[in-house]
Amino acid sequence: FGAALANQLNVGFVMLRKKGKLPPPVLSQTYDQAYASGNALEISTGIIPNQLRVVVVDDFVSSGGTMSCAISLLKKAGASVVGACAMGSGKASKGAGKQLIFQ
């Protein structure tokens, strides 16, 4: 749904993928979830212009691990993360209520 949202807003779209789904070279960032550890997100290198203002959009946030990883990875790629949101969240999950803070 991120591509559809970007299209409606007439802005660019870049998808972060699970490890091994993108051709090299990539930047990678590992993270843990409430139910699994050792996960990683990747982004193609050179795809984000330095200090590009970005908003992270996720479909669902449970513990906040994936969202935090996405923010760290985009910063590593040179982006300036100006916001983050999710369409849904898991109130019953172990990490529910974790506040995502970024500067």
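The basis for the numbers below is simple: all heavy atoms, side chains too, and nothing from hydrogens, waters or symmetry mates.
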Legend entry - From M15 atom CE to L22 atom CG, the distance as rounded to the nearest 0.5 Å: 9.5 Å

Inset, instruction - Find the distance between SG (C69) and CG (L74) and round it off to the nearest 0.5 Å. - result: 9.5 Å

Legend entry - Considering all heavy atoms, the nearest M67-C85 contact: CE-O, 3.3 Å

Legend entry - Where S28 and K76 come nearest, the two heavy atoms and their spacing: O-NZ, 2.6 Å

Legend entry - Any V14 side-chain heavy atom under 4.5 Å of I43 side chain: yes

Residues 46-58 side chain polar contacts: donor-acceptor under 3.5 Å, at least two apart:
none

Legend entry - Heavy-atom pair of closest approach, residues G2 and F13: C-CE1, 3.3 Å

Inset, instruction - Measure the spacing between CD1 of I71 and CG of L41 and express it to the nearest 0.5 Å. - result: 11.5 Å

Inset, instruction - Report the distance from atom NZ of K19 to atom CD of E42, rounding to the nearest 0.5 Å. - result: 6.5 Å

Inset, instruction - Working to the nearest 0.5 Å, report the span between CG of L27 and CG of L16. - result: 10.5 Å

Inset, instruction - For A40 and Y31, work out which heavy atoms get closest and say how close. - result: N-CE2, 3.7 Å

Legend entry - Min side-chain heavy-atom separation N39-D32 under 4.5 Å: no

